[in-house]
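Since this is a predicted model, take the numbers as computed values, not measurements. Labels below follow one simple rule: chain letters A, B, ... track the order of the sequence lines, proteins then strands, and each chain is numbered from 1.
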Amino acid sequence: MQYNHLDIEKKWQKFWAENQTFKASNQSDKPKYYVLDMFPYPSGAGLHVGHPLGYIASDIYARYKRHKGFNVLHPQGYDSFGLPAEQYAIQTGQHPAKTTEENVATYRKQLDNIGFSFDWSREVRTSDPEYYKWTQWIFIQLFNSWYNKESDKAEDISSLEKIFKKDGNATVNAVCDEETQYFSADDWKAFSSTEKEEILLQYRLTFLSDTEVNWCPALGTVLANDEIVNGVSERGSHPVIRKKMTQWSMRISAYAQRLLDGLETIDWPQPLKDSQTNWIGRSQGAMVTFKVDSGAIKSNSEIKLSYKELEALKELRQNLSKAEITLWDELKNKKGATKFRKKYTIGTFLVDYVCVSKNLIVEFSGKEDEAARTEFFESKGFNIIRFTNEEVLQNVVKVVSEINFAIQFPKVTEKKSEEKVVVKDYNQYKIDVFTTRPDTIYGVSFMTLAPEHELVAKITTDAQKAEVEAYITATSKRSERDRMADVKTISGAFTGAFAIHPFSGEKIQIWIGDYVLANYGTGAVMAVPCGDQRDYDFAKHFNIPIPNIFEGVDISEEAHTGKEGTIIANSDFLSGLKYKKALKLAIFEMEKRGFGYGKINYRLRDAVFSRQRYWGEPFPVYYKDGMPQMIDAEHLPIVLPEVEKYLPTEDGKPPLGNATEWAWDTRNKKVVSNDKLKNKTVYPLELNTMPGWAGSSWYFNRYMDPTNSEAFASKENLEYWREVDLYIGGSEHATGHLLYARFWQKFLFDKGIVPVDEFAKKLINQGMILGTSAFVYKATAFVKNGCGCSDEKSMDDVLEKIPTVFVSKNLFSSDDEFETVVKNYLLDNKFLDPNFADLVMITKTAIHADVALVNASDELDVDGFKNHPLNGDYKNAEFILEEKAYKVGREVEKMSKSKYNVVNPDDIVENYGADSLRLFEMFLGPLEQAKPWKTSGISGVSSFLKKLWKLYFNDDNFEVSDAEPTKDELKTLHKTIKKVEDDIENFSFNTSVSTFMIAVNELTALKCNKRAILEPLAILVSPYAPHIAEELWSLLGHKESISTANFPVFEASHLVESAKNYPISFNGKMRFTLELPLDLSKEEIEKIVMENEKTIAQLEGKTPKKVIVVPGKIINIVG
RNA sequence: GCUCAAGUGGCGGAAUUGGUAGACGCGCUGGAUUCAAAAUCCAGUUCUUUCGAGAGUGUGGGUUCGAUUCCCACCUUGAGUACCA
């Protein structure tokens, strides 16, 4: 019987589907094992041979684990929301759901062809409302949570409200927006519900905010940082600009440290961990505040307090003086428009009490900067009344009545035009900088602000104004890309202002420069030219002093950036200290003196979560009085509405703005027509949709319980499957999917929803399969310029006669040679008149030829090429052959349609079988490595399968013997068991394929047909080539699927040898081998070897200096 | 620039703890079979060679009896990231 892959493979694929062979049970006596692939986005192009590589590897592992007695979960699904389906919808008007459905069907067919052991009963699709219902649910959970730094986890928002009610926000240690104002418990109670909502939004883990986003005009949507590559969009390479928009964001920054720490606990590839570590970008250093020292500064807006000052405020609020308490007792009961707040910040000033609605400030007198305060407050339109401590303590009633009077009869103070107000130097401007090198603070000789820094306009002196403004205009005109491309040019401008060095008190210049980025750190740096190359270059360029603070280091040519072993000099109390000590001491002193503190900074930004797209999850959100409201979980899913067009609306709203049924009826709890928005109980729904990574950030949990309609997965199932044991997918998701998924998992863990905080124990990145493109070399003829020929028309005729010519690859090695070959051919075949030969020039063009037209010897199917639909122009082309064949050139490139090097797995399955495809993909090379595909190589594994098949047959009859196997046969079997088992455990699938080949070659040579050998062999092969293994297994008389069989057990006793073929080396070089019994002692071996005639010949009479004998390994004779 | 990974025949790659470099497969060469081809089978295939042997894992050095493997410097390629203070 011939091995017929077509029949066998169809038969067993049908068997597996009908018997649900790979359906995983949610409980079992066996240990559990969860093998997961990154689910595919079902694109219209279908799969090429590169896609299934990871799936084949994971399938082999899953099948192996079943043989090893595990209850294996091996699911598959589709990441079916996404841009291409939407772009296609825009072009064709087809609903993305429809094209997605079609693409999924194609994918499923292609996957089924390869014989994967997926449990399809658990399939998920992110675009299925029953699935995204739970994506929406998780969004609500995030909205209802805040990050408590004290407990270092996410907590329910109600616990935060409780604290606000009791103590205000002074005691809260949370991850929140930077510009959060302080308020007391009483303030909280007095806030309107809208105000409360606004404040809570600053703490929620998903929040709405005006953020600078990456807007891609061509795609009409915002993009996340990981969706931008080299300043242009990852998809389509469109330019991206910065734009302020109101967007949902995810407070992933709250998890920065835990995302970093978690990497230590998971077995993921180091490069991937490195790239996440870089992306999170933790840097340890200090926050330092520099005061601005300026002759004339303009004030035109409120100044925010620094973090440290806000910290100090907390203390102040809690430690009120007796007089303060007495007066507050009187004022705090005022309600409504006359409500007072205590210790409130206005500008950089802290006022004792203020009634904001009446513009009245009440203060204790005797503050040192009273005059400045009065001038500033009045400029802001406030009235100020002041009392002394004594006045309050002696007659608080009188004081209160004066306050009441001031409320009722306010002094008319005109709010002065802000531009005109010139406030003299009150040291109110401060520049916060972040530095990783506080030890070099005495090396600071200037400061640089980003051109966009908010202080720039305020501190620039009149003299420098024109220059600074010109510089800002110039930089803002440059695109992000230009700025990135041109990092060499040094540019900047002096503001004219000076800062005060916090330690030395010296005046230092403040510059602006575009090498400082507005969106990293504080957008300002303290420049230490001697210790940072960019600062150094900047200082050199603008002739700023470069003080040297390193002992014994030459900085005349470049900055000294090394840390280890560096000793600090010229730095007051830091002089003479080593880098590490100086760093610690500098931070200690800053904290003591109150102008700096140790801080850890992260590069990781909060993730923008809104997309102006149609084909994504709708938010479960409606807007009431401009504030977002969550729809109760019980009403989910909020299903994507139908729209007429998938483009943004004419007034620039996202595509959902086209929907006519997109309003939330809060009374009837359902989505209703927009006509009903006039109703008081009907509100508009969110028009943005969620980004692609929303659905993929938790799908691995859904597989555990995919049809549950009560919960996103049941507690029992989550507890049973816990986490993914093996996850296989591409490394391109390092800073996208794999980071977001870890973030959500940690959040869900905090909330007690999932039992583990890392979703995948082990991860492997499969390498890309590249295409091997084929090139043909086309000759183009044209007439030399300026030939001086009289008759152009006749030259046209000459060219007319010359056909398109292709030259076989090895006929030329240079362009000149190419020209000669072509000309000779044209002359020989009378395509060219010898009289014109010198006037014609020939150039070479390499053209991609379809790889399907090229055989294993790189020979082109010339007729096939001429008749190929893509090569219509070459029907009458001439081919210059070598040895009767046209040889193509080869080059390894990424697989892509335009290079005609894409190989479809369906064709391979058709011609060679799924088992061959699986074996070959594994045989190409190590799983993690990128490697080129060359279809010709498949004949090796294909003939291996035929040889394997033959072992079980005697001519056409299936025939195995029950006789005892020989020692050699057992040795081959057990050697193979050991190697294959080790290889699978180490994911070294390529080497086990060669092990199978060796085993089959050996057993063929031994003419082995023993059941005791061939039965275990079928099991060994079955994870790799499951169809042929099932067929052989059933021929061997088994009724159950081979997947239920136990993996053969290795017995070392079969490999025990009595003799060893020793390599005999001279000075480490192997010269010959010698067969010796293994039970000899070192001395005996040495004696035999030294007496051997070959040894004597090698030594040429010399006496060896030393003889190394390692029994069982090697003998080395040192001469 | 920085970080990481990798450099082995004509090609994909093997050598898992330092111990016979090039397993296995493709391709190539020769042979058998065939009217012929495909398929199949057999033999050979790192380079040099005076046929004795010698050299050889990107380059140069080091450790070692012995290095593809460990250490140092450099070169090349690929990936990621990029004025990150």
Protein-nucleotide distance ([X], atom [atom1]; [N], atom [atom2]), rounded to Å:
X	N	atom1	atom2	result
I512(A)	C83(B)	CD1	C1'	16 Å
R603(A)	A85(B)	CZ	C1'	14 Å
R890(A)	G12(B)	CZ	P	13 Å
Y3(A)	U40(B)	OH	P	14 Å
F989(A)	A14(B)	CZ	P	14 Å
D532(A)	A85(B)	CG	C1'	6 Å
Q276(A)	G80(B)	CD	P	15 Å
D439(A)	A85(B)	CG	C1'	13 Å

Could you list all N or O pairs between the protein and nucleotides 61-65 of chain B that sit under 3.5 Å apart?
residue : atom : partner  : partner atom : Å
C65(B)  : O2'  : N1116(A) : ND2          : 3.1
C65(B)  : O2   : N1116(A) : ND2          : 2.9

Can you figure out which of [options] approaches the side chain of [X] most closely?
X	options	value
P926(A)	A14(B), U20(B), A85(B)	A14(B)
N986(A)	U81(B), U16(B), G19(B)	U16(B)
I1114(A)	U40(B), G19(B), A82(B)	G19(B)
L517(A)	C84(B), U20(B), C4(B)	C84(B)
K979(A)	C83(B), A39(B), U16(B)	U16(B)
K931(A)	G13(B), A21(B), A85(B)	G13(B)

Original post:
So, H560(A) and T566(A): side-chain donor and acceptor under 3.5 Å apart, yes or no?
Top reply: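 Yes.
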Subject >> Distance-only donor-acceptor check, side chains N601(A) and S283(A), under 3.5 Å >> reply: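 Note: N601(A) and S283(A) side chains miss the donor-acceptor criterion.
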**OP:** Might you confirm whether atom CD of E1075(A) has over 12 heavy atoms from other residues, nucleotides or ligands at distances under 6.0 Å?
**Re:**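 Counting other residues, nucleotides and ligands, CD of E1075(A) exceeds 12 neighbours.
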Identify whether any heavy atom of [X] sits under 4.0 Å from a base atom; if not, whether one sits that close to sugar-phosphate; answer base, sugar-phosphate or nothing.
X	answer
A930(A)	sugar-phosphate
Q929(A)	sugar-phosphate
S1065(A)	nothing

Show the distances under 3.5 angstrom between N or O atoms of the protein and N or O atoms of nucleotides 47-55 of chain B.
none

Subject >> Anti versus syn assignment for G78(B), with syn defined as within 90° of 0 >> reply: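 Here G78(B) takes the anti form, which means its glycosidic angle is more than 90° from 0.
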**OP:** Enter syn or anti for the glycosidic conformation of G9(B), syn applying to angles within 90° of 0.
**Re:**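 Nucleotide G9(B) adopts syn.
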Over 60° means perpendicular and under 30° means parallel, so classify the ring planes of [Y] and [X], tilted if in between.
X	Y	answer
W949(A)	Y3(A)	tilted
F538(A)	W511(A)	perpendicular
F944(A)	F996(A)	parallel
F1050(A)	H974(A)	tilted

**OP:** Check for a donor-acceptor pair, side chain of N1116(A) on one end and backbone N or O of G1068(A) on the other, with a separation under 3.5 Å.
**Re:**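 Confirmed, N1116(A) side chain pairs with G1068(A) backbone.
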Original post:
Hey, is the side chain of R534(A) poking within less than 4.0 Å of OP1 or OP2 on C84(B), counting only N and O atoms?
Top reply: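 R534(A) to C84(B) OP1/OP2: side-chain N or O found under 4.0 Å.
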Subject >> Within the 6.0 Å centroid threshold, strictly below: Y912(A) and F920(A) >> reply: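 No, too far apart.
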Original post:
Mind checking what makes ring pair (Phe, Tyr, Trp, His ring centres under 6.0 Å) contact with Y471(A), not counting sequence neighbours?
Top reply: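 Once residues adjacent in sequence are excluded, Y471(A) has no partner under the ring pair (Phe, Tyr, Trp, His ring centres under 6.0 Å) criterion.
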Original post:
How do L924(A) and D274(A) order along RNA chain B: which one's closest nucleotide is nearer the 5' end?
Top reply: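 Upstream on the strand: D274(A).
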Subject >> Along RNA chain B (nearest heavy atom to each residue), the more 5'-positioned of Q270(A) and D982(A) >> reply: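 Nearest nucleotide further toward 5': that of Q270(A).
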Original post:
Does any non-hydrogen side-chain atom of R603(A) lie less than 4.5 Å from one of W279(A)?
Top reply: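 Yes, close enough: below the 4.5 Å cut-off.
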Got a list of protein N/O to nucleotides 23-29 of chain B N/O distances below 3.5 Å?
residue : atom : partner  : partner atom : Å
G25(B)  : OP1  : N1001(A) : ND2          : 3.4
G27(B)  : O3'  : S857(A)  : OG           : 3.4
C28(B)  : OP1  : S857(A)  : OG           : 2.3

**OP:** Determine the stems involving RNA chain B; a stem requires 3 or more consecutive pairs of the Watson-Crick or G-U wobble kind, each with both distances below 3.5 Å, and the answer is none if no such run exists.
**Re:**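 Detected stem regions: B:1-7 with B:75-81, B:10-12 with B:24-26, B:27-32 with B:40-45, B:46-48 with B:53-55, B:58-62 with B:70-74.
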Within the sub-3.5 Å range, which N or O atoms of nucleotides 76-79 of chain B have a protein N or O partner, and how far apart are they?
none

